[in-house]
Amino acid sequence: MFKKPLLQKMLSQTQVFLTRVMSPPYFFSFAEKCLPWFVAVFVAALAYGLIGGLFLAPADYLQGEGFRILYVHVPCAFLSLMIYSVMAVAAAFGLIWRLKLAFAVMRQSAPLGMVFTFLALVTGSLWGKPMWGTYWIWDARLTSELILLFLYLGILALHSALPNRRLADHATAILVLIGFVDIPIIHYSVNWWNTLHQGSTLRLLAPSLIAPSMLYPLLAMTVAFCAYYAIALILRLRCALLSESGAR
């Protein structure tokens with residue numbers, strides 16, 4: 001067990017480190033250096049993903065050409081979960097160490113996560129019509145993803161409803177952490193319940209069930225979407241921090 005003085009020292013050192021790393025000057029320096037690299041990764045990955053997914057990958061033997069919508073649907077679904085996870089980590093950092101940049105990451109990520117979640121539901125419905133015969137069914141994966149969309153909307157509504165910025169950040173962070181319980185439910189829903197939705201397409205700890213000619217463009221599209229999120233988040237954070245500093 002950690003002794004109390006040692007634990008307090010570790011927390012204090014962590015706070016000093018995070019305060020320095022997540023300070024606006026450090027962020028602006030990081031953004032200036034990394035933004036061109038994110039743009040380059042986005043362009044390269046998107047180009048390969050689109051060419052490979054639309055032209056080089058063969059049609060699926062069961063789904064035909066309709067499976068190609070997965071090159072948009074899967075990255076959107078992945079980003080909807082990843083962005084919320086980033087928000088949860090940022091919310092925890094903000095509440096524990098009172099980091100303004102962490103709260104800013106949480107705030108500026110919410111609209112992006114909402115858009116990706118909405119696109120995941122729309123593209124999933126378009127894919128589901130020819131495969132399932134209907135645009136929507138109250139499947140466990142679809143329903144939990146819809147709840148995630150409502151969470152994003154609730155987070156945005158709560159933050160905008162509270163006039164005091166500090167109170168809004170803390171209340172929103174608590175809601176984000178409570179809502180995080182939906183993330184593992186979405187991820188494991190196809191394993192926990194008998195659903196129409198197919199199993200996980202991308203698996204880290206097991207061999208993929210997708211042929212390499214289909215898998216690599218899908219991975220490239222996922223990387224491109226992640227790079228786009230990083231670019232959009234950096235630009236939104238930079239604008240928000242400049243606006244806040246100009247208002248003072």
Side-chain angles (χ1 to χ4, degrees), residues 7-42 75-76 78-117 148-149 151-183 222-248:
L7 180 59
Q8 290 177 342
K9 183 178 179 181
M10 291 175 60
L11 291 175
S12 177
Q13 291 176 345
T14 302
Q15 183 172 5
V16 171
F17 171 77
L18 290 176
T19 301
R20 180 177 62 84
V21 171
M22 300 192 72
S23 63
Y26 188 93
F27 166 75
F28 282 115
S29 175
F30 168 82
E32 184 178 357
K33 294 177 182 178
C34 294
L35 193 58
W37 291 100
F38 284 129
V39 172
V41 170
F42 169 71
C76 284
F78 176 79
L79 262 293
S80 70
L81 304 183
M82 190 194 81
I83 292 175
Y84 198 96
S85 299
V86 171
M87 290 172 56
V89 173
F93 278 22
L95 290 174
I96 296 172
W97 288 290
R98 301 177 182 178
L99 300 171
K100 293 183 178 180
L101 185 60
F103 285 126
V105 169
M106 179 190 69
R107 290 195 309 268
Q108 300 304 324
S109 292
L112 300 173
M114 180 195 67
V115 171
F116 280 115
T117 305
L148 181 62
L149 178 62
L151 276 171
Y152 277 119
L153 292 172
I155 289 165
L156 292 171
L158 176 62
H159 195 276
S160 62
L162 298 175
N164 183 282
R165 170 63 65 83
R166 182 178 179 183
L167 176 61
D169 284 341
H170 283 71
T172 304
I174 293 172
L175 177 58
V176 168
L177 293 175
I178 293 174
F180 184 75
V181 69
D182 191 43
I183 301 303
T222 304
V223 170
F225 276 54
C226 290
Y228 173 80
Y229 164 62
I231 295 168
L233 179 60
I234 288 174
L235 294 178
R236 290 177 63 89
L237 283 172
R238 191 159 62 181
C239 290
L241 292 175
L242 289 174
S243 177
E244 290 177 4
S245 61
R248 293 174 183 174

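In this structure, the side chain of Ser29 does not engage the main chain of Pro25 through any donor-acceptor pair within 3.5 Å. In this structure a side-chain-to-backbone donor-acceptor pair under 3.5 Å is present from Ser85 to Leu81.
Considering only heavy atoms from C-beta on, Leu237 stays 4.5 Å or farther from Phe28 through its side chain. Between Leu151 and Val176 there is no side-chain heavy-atom pair separated by less than 4.5 Å. The side-chain heavy atoms of Val105 and Phe93, taken from C-beta on, include no pair separated by under 4.5 Å. With contacts defined as side-chain heavy-atom distances shorter than 4.5 Å, the pair Leu112/Leu79 does not qualify. Side-chain contact check for Ile155 versus Met87: some heavy-atom pair is nearer than 4.5 Å. Taking 4.5 Å as the limit, some side-chain heavy atom of Arg238 sits within range of a side-chain heavy atom of Leu235. The shortest distance between side-chain heavy atoms of Leu101 and Ser23 does not fall below 4.5 Å. Within the 4.5 Å cutoff, the side chain of Arg236 has heavy atoms near those of the Pro111 side chain.
Here the shortest heavy-atom pairing between Leu167 and Asn164 reads N-OD1, 2.9 Å. Closest non-hydrogen pair, Ala110 versus Leu156, comes out as CB-CD2, 3.6 Å. Of all heavy-atom pairs spanning Gln108 and Leu233, the tightest one is CB-CD1, 3.9 Å. When all heavy atoms of Leu162 and Ala171 are compared, the closest pair comes out as CD1-CB, 3.8 Å. The minimum heavy-atom distance linking Gly94 with Ala102 is given by the pair N-CB, 3.8 Å.
Contacts of Asp169 classified as salt bridge (Lys or Arg N to Asp or Glu O under 4.0 Å), with partners at least two apart in sequence or in another chain: Arg107. With sequence neighbours left out, Arg166 forms a side-chain hydrogen bond (donor to acceptor under 3.5 Å, both in side chains) with no residue at all.
Remark: aromatic rings of Tyr152 and Tyr84 are close, center separation under 6.0 Å.
Between Tyr228 and Phe42, the angle of the ring planes lies from 30° to 60°, which puts this pair in the tilted group.
Between atom OG1 of residue Thr222 and atom CE of residue Met82 there is a gap of 10.5 Å, rounded to the nearest 0.5 Å.
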Check the pair Phe116, Phe78 against side-chain contact (heavy atoms from CB on, under 4.5 Å), reporting the backbone distance first and the verdict last. CA-CA 9 Å; Phe116 280 115; Phe78 176 79; over 6 Å; no
Set out, in order, the CA-CA distance, both residues' side-chain angles and the distance that settles side-chain contact (heavy atoms from CB on, under 4.5 Å) for Ile83 and Thr117, then state yes or no. CA-CA 10 Å; Ile83 292 175; Thr117 305; over 6 Å; no
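A salt bridge links Arg165 to Glu244: at least one charged side-chain nitrogen sits closer than 4.0 Å to a carboxylate oxygen.
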